[in-house]
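In what follows, every chain begins at residue 1, and chains take the letters A, B, ... in the order their sequences are listed.
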Protein chains: 2
Amino acid sequence: MLSEDLIVDTSLRLIELHGAEGLSMRRLGAALGADATAVYRYFANKHQLLLALADELIGRTFAGFEPTGQWQRDLRTLAGLIHGVNLAHPRAAAVVTARVTGRPHELAAVETIIGILRGAGFTPAQAVRHYHCFISLVLAFSALDSAMCSGDKAELAAETATWREVYRELPAGQYPNIAEGADLLVAQMRHSPFEATVELFLSALAARLD
Amino acid sequence: MLSEDLIVDTSLRLIELHGAEGLSMRRLGAALGADATAVYRYFANKHQLLLALADELIGRTFAGFEPTGQWQRDLRTLAGLIHGVNLAHPRAAAVVTARVTGRPHELAAVETIIGILRGAGFTPAQAVRHYHCFISLVLAFSALDSAMCSGDKAELAAETATWREVYRELPAGQYPNIAEGADLLVAQMRHSPFEATVELFLSALAARLD
DNA sequence: CACTTGGGTCAACGGTGTTGACATAAGCTC
DNA sequence: GAGCTTATGTCAACACCGTTGACCCAAGTG
């Protein structure tokens, strides 16, 4: 017997295993030991399935989180958790990102984050505004970085090779600013600017608090 | 006779016309009045074509831009330009976002932005770091927002309806923070937090400059 | 017993990106 | 000009994809 939970778990395992694009209904059916179309008894279409995956991921993200009362630290932790979970499930991340699920785990997440901002001293209006910026920032970067990592290793290596070869050999006359920091640039582009951007964001919020 | 330029232009027109997912090789071929596979004489695969689209978009974005010397204003303008162009071409945006093209227009863009930061007084290392954060922020939000707008109108309306119905009717006992700002939340979620986040980002940069 | 209903299977439709063989026209060398 | 190479477009096919509708059978219910 299949079930929503079983399908969701199997889907997440498949994504983790076969990478971003590895989740197809046929593969899912095979992994479940059933026909591909059996899944349609539980989810109207693939989009609904992805929404369920998204909510499950949100739930897992917030499962091990307890607010400490220090709002900057809490938001930093949450940002890292969300980013991390989404990176582990790139394909589902694309959906968490773009659409609102309206499911229970999502509600709990919204409640938690706005609560942290209210506790920090922001007004309800500020808290809502900053919540929107915060969650969009984190999700947008998650989607960006998981798209970055979803390709094969070979593809990724070719990518950084492009950076190295193209950017390091540019004529300093035409591109003085690039030439000046070419080594820094190549080194910088290898890892995500996520943490740095979150720090900038948090410092901007803190400045708005006084 | 086909040509790279003709293919790129037609592709962009197709995307603008048929929406995000509207660009398939067969449709492209039809729009060109040729067989779908003829495109493969000019681009090794669809990914390469999308990279070319991306570079073309970058070029168009920077075409009408002249730095004023006021770095905050310039970055704000650029952010808006990039965001706007990407919103108009949702599918291509996803690619501009994730991958480095290494093509001429991209190089010019990198040079311009780092130049602005250097002119603002940042060190080469700072300029490179902040460039990376800035461009990632802008591209990540562009991808997010264009994914948001790419669905049908009906789908989008259903989305906001979800927000309205679900979030406004929540029990205040379980979700006090959401209940407190439910109206604000529903109103807020309708438009992108892009401008607000860019402002926060720029203010954080300015604070780092002293 | 008859009958509905939930849940799994099967074949099929129209779509996708991509490949390899084939045809034809252009341009170059002898 | 003849012959050959190279560029360019066409065609059929492959292996996928999400989704639908018909079918079938076991379980539960009147």
What are the 5'-most and 3'-most nucleotides of DNA chain D lying under 4.0 Å from any heavy atom of chain A?
D/dC17 to D/dA22
Considering residues at least two apart in sequence or located in another chain, which fulfil the salt bridge (charged side-chain N to carboxylate O under 4.0 Å, His left out) criterion with B/E195?
none
Mind jotting down which residue pairs meet the salt bridge (Lys or Arg N to Asp or Glu O under 4.0 Å) criterion with at least one end in residues 170-182 of chain A? Sequence neighbours excluded, please.
A/E180-B/R118
Just by distance, do the side chain of A/N86 and the backbone of A/A143 share a donor-acceptor pair under 3.5 Å?
no
Taking side-chain contact (heavy atoms from CB on, under 4.5 Å) as the test, write out the residues that go with B/V85, two or more places apart.
B/L57, B/T61, B/H89
Select base, sugar-phosphate, or nothing to describe what A/F43 touches, counting heavy atoms under 4.0 Å on all strands.
nothing
Assign each of A/R26 and A/Y42 the nucleotide of DNA chain C bearing its closest heavy atom; nearer the 5' end lies the nucleotide of A/Y42
By side-chain contact (heavy atoms from CB on, under 4.5 Å) - contacts of B/D5 (at least two apart)
B/S3
Pairs: protein N or O with nucleotides 20-23 of chain C N or O, under 3.5 Å:
none

Identify, with sequence neighbours excluded, every residue that meets ring pair (Phe, Tyr, Trp, His ring centres under 6.0 Å) alongside B/H132.
none
Within residues 6-19 of chain B or reaching into it, pairs that qualify as salt bridge (Lys or Arg N to Asp or Glu O under 4.0 Å) - sequence neighbours excluded:
B/D9-B/R60
Axis-to-axis angle across the helix from C/dC1-D/dG30 to C/dC30-D/dG1, five pairs each end, nearest 10 degrees, ~ 10°
Rounded interatomic separation in angstrom, taking CE from A/M1 and C1' from C/dG8:
11 Å
Which residue pairs satisfy the salt bridge (Lys or Arg N to Asp or Glu O under 4.0 Å) criterion with at least one member in residues 131-142 of chain A, sequence neighbours excluded?
none
Remember a base hit wins even if backbone is also touched, and classify B/Y40 as base, sugar-phosphate or nothing at under 4.0 Å, heavy atoms.
base
Send over the distance from B/H18 NE2 to C/dT16 P, rounded to a whole Å.
11 Å
Using a cut-off of 4.0 Å on non-hydrogen atoms, how would the nucleic acid contact of A/A38 be classed: base, sugar-phosphate, or nothing?
base
What residues, two or more places apart in sequence or in another chain, satisfy salt bridge (charged side-chain N to carboxylate O under 4.0 Å, His left out) together with B/D183?
B/R168
Please list every donor-acceptor pair under 3.5 Å in which a side-chain atom of residues 171-178 of chain A meets a protein atom from a residue at least two apart or in another chain.
{"from": "A/N177", "atom 1": "ND2", "to": "B/E111", "atom 2": "OE2", "distance (Å)": "3.0"}

Using every non-hydrogen atom in the two residues, find where B/Y40 and B/N45 come nearest and quote the distance to one decimal.
CE2-CA, 4.0 Å
